Amino acid sequence: MTAGHTTGHSSESVPGPVPGPARPLTMAGVSKSFGSVHALVEADFELAAGEVHGLVGGNGAGKTTLMNVLYGLYRPDSGEIRVDGREAHIRSPRDAIEHGIGMVHQHLLQVSTYSVVENVVLGTGKDAGGLRDAARRITELSDQFGLAVDPRARTDRLSVGARQRVEILKVLYRGARILILDEPTSSLTPQEVDDLFASLRGIVAEGTSVVFISHKVREVMAICGRISVMRDGRRLTTVHRSETDATGLASLMVGELAAEQSSDVAAALGLAAVGEVVPEEPAAPVPARAGGPARLTVSDLVVPSDQGVAAVRGVDLAVRAGEVLGVAGVAGNGQVELAEALAGVRPAQSGSVRVDGTDLVGRQTRHWLTAGVAYVPEDRHRDGILGAASVTDNLLLGAQRSSAYRRGGLIDWRRVREHARTTIETYSIKTPGPDAPAGNLSGGNIQRLVLARAFDREPTVLVLQNPTRGLDLRSAQFVYDRVHEARDRGCAVVLISEDLDELSLLADRMVVLYSGEVVGERARGDYDAYELGRLMAGVREDA
Amino acid sequence: MSAPVLTEPDALAPARPSMAARVIRGVLPYVLALVLAFVVAGIVIAALGYDPIEAFRTILTTSFKTGFGFTETLTKWVPLTLLALGFTIPLAVGRFNIGGEGQLLVGATAAAGVGIVYADLPSAVLLPMVIVAGVLAGVVWAGIAALLMGRFHVNEILSTVLLNFVSFQVLDYAATEVWSDPAAGVAATQGVGEGAELPTIGGPPGVHAGLLLAGAVALATILVTRRTSAGFELRAAGTNPRAAAINGIRVERVAVIALIVGGALGGLAGALEVSGVHGRAIEGMQTNFLLLGIIIGLIARGSAVWVPVVAFGIAILEVGASSMQRTVGVPAEMVLIIEALILIFLLLSDVIAGRLARRVA
Amino acid sequence: MNEFAVLAQLTVVAMVPYLLASLGTMLGGLAGVFSVSQEGVMLLGASVGFLVSYGTGSSTVGILVAAAVGALFGFALGWATTALRLDQFVVGLALFFAATGLAGLLYRIVIGQTATTPLVDTLPRVEIPLLKDIPLLGTALFSHNVLVYFAALVTVGLWFFLYRTRAGLNLRSVGENPKAADSLGIPVVRTRLWTTAVGGALMGVAGAFLPLVYTGTFTEGIVGGRGWLAIALTFFGGWRPQYIAAGALFFATMDVVALRAEVSGIDIPSQVLLVIPYVATLVVMVFAFRWARVPEFLGKNYDRESRTG
Amino acid sequence: GSDGGDSGDSGGGGGSGSGDAPRIAAVFSGTTTDADYTFLGLEALQAAEEDHGAEVTYSESVQVPDAERVLREYVADGYNVVWTHGSQFYDATVAVAEEAPDVVFIAEQDTEPADVPENVWVLDRNFHLAFYPLGVLAAAASESGNIAYLGGVTLPFSYSEVHAVEQALEDSGSDATFTPVWTGDFNDPTKAQQFASQLLADGNDVVLTSLNLGAVGAFEAVGDAAPGVLMTAKYTDKSNLSADHYLTSVLYDFSVMLDEILTSIEDGETGGYLGMSYEQGISLQTPQNVDQAVIDEVNGIVEQLASGEIEVERDVTPVE
Ligand SMILES: Nc1ncnc2c1ncn2[C@@H]1O[C@H](COP(=O)(O)OP(=O)(O)OP(=O)(O)O)[C@@H](O)[C@H]1O
Ligand SMILES: Nc1ncnc2c1ncn2[C@@H]1O[C@H](COP(=O)(O)OP(=O)(O)OP(=O)(O)O)[C@@H](O)[C@H]1O
Ligand SMILES: [Mg+2]
Ligand SMILES: [Mg+2]
């Protein structure tokens, strides 16, 4: 490929692209189990030269596992990998890199104390040369592929979106003939996605093959030629884009979708353009629902970031019972700080957050919980669960002092387990059992768990941030349904999301957050994508 | 530094496969490991020209052959269990209490001080005072580290290690300047009053009644960690501090309290050594209780249930191994090497167990 | 020599064993392996360093063998915690016991029971021409045995390696985020193996320093807790060579100053003077070193396929 | 007592006694390789083996908290003379002695204790007696008039040594400055080296060490000192540590004491008090690196001590 010096592979071990029918990559009969979980069952996969190959399927279908096997991160129980027609023994990422394989991982893999350039050059070459050349090269790549990022910035000071771009830059910098992108778009804005696709088209034009994993049908249909669908650890089928349509692909991905496909699903699929999705029953009379008193009132809220600078600067909000307030914005404009401050997790510097009239600023998190505030954090692995603890433990978390689960001063584990079992059932959490570690669940199921815990508290205020990121269609729909339920029960919902589809679908009203300030407010249906895009980019109302 | 996450895998599932089956499956690898350890250690002992069979007979039987061997083992079990718990409780929140030694010593010093100053008080008054003094001293000592950790983010390994060194001098000062006993022949305080001494149970020789107290503490720890919300919060905070905080748990406070509780147990161990064993505070009385306590805590994976069991095993090993000198004449250093071998093989038992489990699955 | 020069010289010598052992601790720790066997490895280094010097008549050989034995123990820690993924703490403590036992046992086998203490010549002072004539600091800094210069070189060398080279960048990433490092082809296990081995070697040399500089012979209590202190000083120095050196210097200064106070016959109980270095270190930690952080994955074993650990 | 049955094997020195030969077990706090206090114990055991046909065994590196158990085990194994070498074991010895009236115990002390059980011999090491001549010697040998004492832990016996030296300085009319310091540890040679270096740098030209293994460090420090700077040792001959700066050592011989006790036991005595003195068990090594006149003077002092002409007060009050 053009981009990046090809540091990894030597020319003897990996001859140049083989012309003709030889496939740059075939995987056959790959099986992999984790304990009792059969993540891959005789899976196969084939990649042609110069194609963008979509890999889709529900959460836990085995996409990541398959690619991790290819990248040497997981050792398969059985199976064969051929690169350029020759059997490849890939035992570690290093072997994979030597075979010209690069991977953008589903979860950020960065040394957060390192700068961008340090993260990018890690493991490349032994040249002791300073990082200036590397930084220049990164800037070039950023420009070429529209992946704006400051090479000198420390990674942990960057927004999730920027960090995602760093992951892509890492692979581009190394150069690769086979490029695996595992949900690379989950933190990117639509514009960033378009830029990425443009880059990918350029890359494949040079003969590089790309595996593209996503849950967004629109994206897959937009960029991929062929699409392989995985289910239950197998490749179900491979279709060409021209042979199918969005709905057909969606059915393949998660099984037959019922005929009552709503606009929700359309949005979840990423089928509709922003702003087009007008709810079928806009009748659900927003004003009526929102007619009550303000449940959540935020005034002049200032919240510091981890670095101590104000990341939220004087925000005023009011959310009524039964209203969903959407907060739009590009990642890194204070969303995390706002969400955490609204949930009572991050102390505000000044201002007030009133729930049913009581100002909670300055109180301990547990007081916020008792006041009825529930929070669904953005990073569910890091902030949502006790990974090494059981599902049962996780469902109890936060309610351990509640009288519902205590008897005689002690935790009544029988009742807790009973409750866990019913919750697992009602929320359809896929787990080997209530005692399985929560960290082993798939993302969709972790999200169900987090939601179950949040709703268990019968919240009056619900704060969600990017609640469907990385979730498959069914799981996303599940989340939407729960949000609707909460709203209907009279909960005040704050939905902070970078996904405009999602916001358009769920929010009764939308504010745009830019640089820690609310720069615009729109009622449902009263905006278009361009207008929002301008606001999100910081163009002021009055400008 | 972040801790290895120690969960109690079986804490939440009191009713799963039959208890016996689980115990056997749990214990079998350890037995295998011990056998392996003995084989390897035996080879080393034989190579040095000593009788390995006799050496092992000593290790395994010293604790049971005579009444005082058993007494001695139980007597060692008390501080080992307390220090192991004092290590594992903070460890559950990912904090390392390396200060058990210092907490024991200041606890012993305070206990001895009270026992000397109020020597004439009757037992019913003095004994509780002595024990409370020890516990409080341990609390203060760990409290310093906890304060530095909670308020100033000073790493607790650093502070507890340094405080150990300070505690040596605290005891030294008390034993040589304040309540010096000129006849002791070692830096030791005077003896405490009779009322400060714990009654013995069983015997003769019998074990001091601190055994019951330590047993009660161990049971209470099991109860608290498994059945109370405080215990749940402790484990949650250790498993994922961020998620715990988001769900209303004050992680730093939990950690501070855990460290202080750990110190209290160390101080208690010191007080019991004074009022149950030595009748005074003596320089060197901590021996290697701290290191063994850490090892016990880690081998037991932080489980309050297993700590007393492992502590008993280690007490047998300690008592038996140090008797090997007497019975077979192996040099003192060999004892350490054999203990190290046994430890390493005990750890290997996890690997063995893991491999076995994988084979089964 | 004036008094300042004497004290400065004593301080420089006193900081060396702490410095070497702490740098050894740091090196493994930066790759994620936390050693707690310093006290034992130093004792073994002292024993072997002395015995080999005694047997061969060459302190150089003694130091090299002490380094090799330390490396072996470091490697054992690295291997057991990567290949077998055994708990770092327990393995470290087991190795502490083994090394402590071995140290005495080797002495017993080689020397045995004697009426007089066997001795070797301690390392001679090597004065650095010109530099040693600098007023005040000359003799304090440039009239020392080779191990002092070695420690200085190691400090600077490690700093340069860790913070100015790609290999150092790669190394540190293993202790910060082994999964990220692994995914970029950095060999996590190999890095942990060599850093623990080299770290162990430094601890071995730190141990050998004691008989070869302070006593000329090996005794059981020669390390006397310095290994445990090395752990504390590594935290004190925030796991960075330059601050570890500063921390060791500070600690040694406090130590020497406290000794000075006692020797001068000051009317303060010796126990109070003897705790000065420890208390001062804690106080400094509160006010000055609060930025200090530890490698993110310090003490954690890495399992490529695990998601929960 | 419960005779342990398995009499075949014995540890340490081995050797099997016959008939009513004593079976002696010793408990040491250090290792027999220390060329110091423990080694002296071993020598005494070996002499007993030779002279009294005793069967001997010992345990090394016994820590104070373990002492009682080890003693009980020896009693249970049928040893009839049990010796704890080191005053830190005194309490444990008395405790076990009370439980085993048929066994004779030998304990060490630095005082004449009260309430000693019938079956316990108390060996009083009388360190203050030993140190008195060192004071005289130091006064005579010091040119700078600065004398130091380097101790380990501020134990009462250590204070008695300091006071004995003070008494000697006073008796000999010396106006030397005397600085006692303690390293905090008898066995840390590194600390001892650092202390000694500073004492020497501070102008002290005679240093009296009262250490165990720490002494090697102190002597290393004196190695580079100017000629005329001298150091003394304790327990064993340590002249090889620094021949040029070696003054003398107060030598302790426990075989004499053990011999005497064993003989008394053979005569049916089961206990008593035995103070070590310049007649018995203590001797001053011939001073080196000083004039003959000084040597003669000190020898005279030693004779007077032995004959009781000079009385040294055992003063254990803390040194300020
Ligand atoms: N390291 C692991 N340990 C245990 N189980 C695992 C591990 N990795 C994956 N699994 C399990 O294997 C199955 C397949 O997971 P995989 O990550 O491949 O799914 P996926 O298709 O990538 O899902 P998603 O769309 O959510 O990313 C899941 O059930 C998952 O829980
Ligand atoms: N830290 C991790 N390392 C490896 N695998 C992980 C990790 N976290 C999650 N996984 C697993 O990878 C598989 C990928 O699918 P999964 O749906 O779980 O993640 P995800 O939903 O995509 O997570 P996210 O929503 O954060 O993107 C899942 O089985 C998930 O459990
Ligand atoms: Mg995935
Ligand atoms: Mg996903």
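Labels below follow one simple rule: chain letters A, B, ... track the order of the sequence lines, proteins then strands, and each chain is numbered from 1. Since we're looking at a predicted model, the values are computed, not measured.
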Residue list, salt bridge (charged side-chain N to carboxylate O under 4.0 Å, His left out) with C:Glu305, at least two apart or on another chain
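Salt bridge (charged side-chain N to carboxylate O under 4.0 Å, His left out) list for C:Glu305, sorted by chain: A:Lys32.
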At their closest point, which heavy atom of B:Ala340 faces which heavy atom of C:Ala94, and how far apart are they?
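So the two residues come closest at CB-O, 3.2 Å.
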Where is the tightest heavy-atom contact between C:Phe89 and B:Ile98, given as atom of each residue plus distance?
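Closest approach of C:Phe89 to B:Ile98: CZ-CD1, 3.7 Å.
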Qualifying residue, where the test is side-chain contact (heavy atoms from CB on, under 4.5 Å) with C:Phe236 and the options are B:Leu162, B:Leu158, B:Val154:
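The passing option is B:Leu158.
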If we check side-chain contact (heavy atoms from CB on, under 4.5 Å) with C:Phe97, which of these qualifies: B:Ile342, B:Leu292, B:Ile344?
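Single pass found, and it is B:Leu292.
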Give me the contact list for residues 101-111 of chain C versus chain B, heavy atoms only, anything under 4.5 Å, ordered by residue number.
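Within residues 101-111 of chain C, the residues under 4.5 Å from chain B are C:Gly101, C:Leu102, C:Gly104, C:Leu105, C:Arg108, C:Ile109.
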Under 3.5 Å, side-chain donor or acceptor atoms of residues 267-274 of chain C against the rest of the protein: list the pairs with distances, not counting sequence neighbours.
from     : atom 1 : to       : atom 2 : distance (Å)
C:Gln271 : NE2    : B:Asp172 : OD2    : 2.6
C:Gln271 : NE2    : B:Thr176 : OG1    : 3.1
C:Gln271 : NE2    : D:Thr154 : OG1    : 3.3

Does any heavy atom of chain C fall under 4.5 Å from the side chain of [X], the backbone, both, or neither of them?
X: B:Asn164; answer: neither
X: B:Leu341; answer: neither
X: B:Ile144; answer: neither
X: B:Val161; answer: side chain

Qualifying salt bridge (charged side-chain N to carboxylate O under 4.0 Å, His left out) pairs, either residue in residues 247-256 of chain C, two or more places apart
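Residue pairs with at least one partner in residues 247-256 of chain C: C:Asp255-D:Lys191.
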For C:Ile231, is it the side chain, the backbone, both, or neither that has a heavy atom closer than 4.5 Å to a heavy atom of chain B?
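Contact with chain B involves the side chain of C:Ile231 alone.
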Between B:Ile299, B:Ile337, B:Leu343, B:Thr160, which residue shows the highest count of heavy-atom pairs closer than 4.5 Å to chain C?
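Winner by heavy-atom pair count: B:Ile337.
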Measuring only between side-chain heavy atoms, which start at C-beta, is B:Leu163 closer than 4.5 Å to C:Tyr278?
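Heavy-atom side-chain distance check fails, nothing below 4.5 Å.
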Using a 4.5 Å cut-off on heavy atoms from C-beta on, say whether the side chain of B:Ile157 contacts that of C:Phe34.
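A side-chain contact under 4.5 Å exists here.
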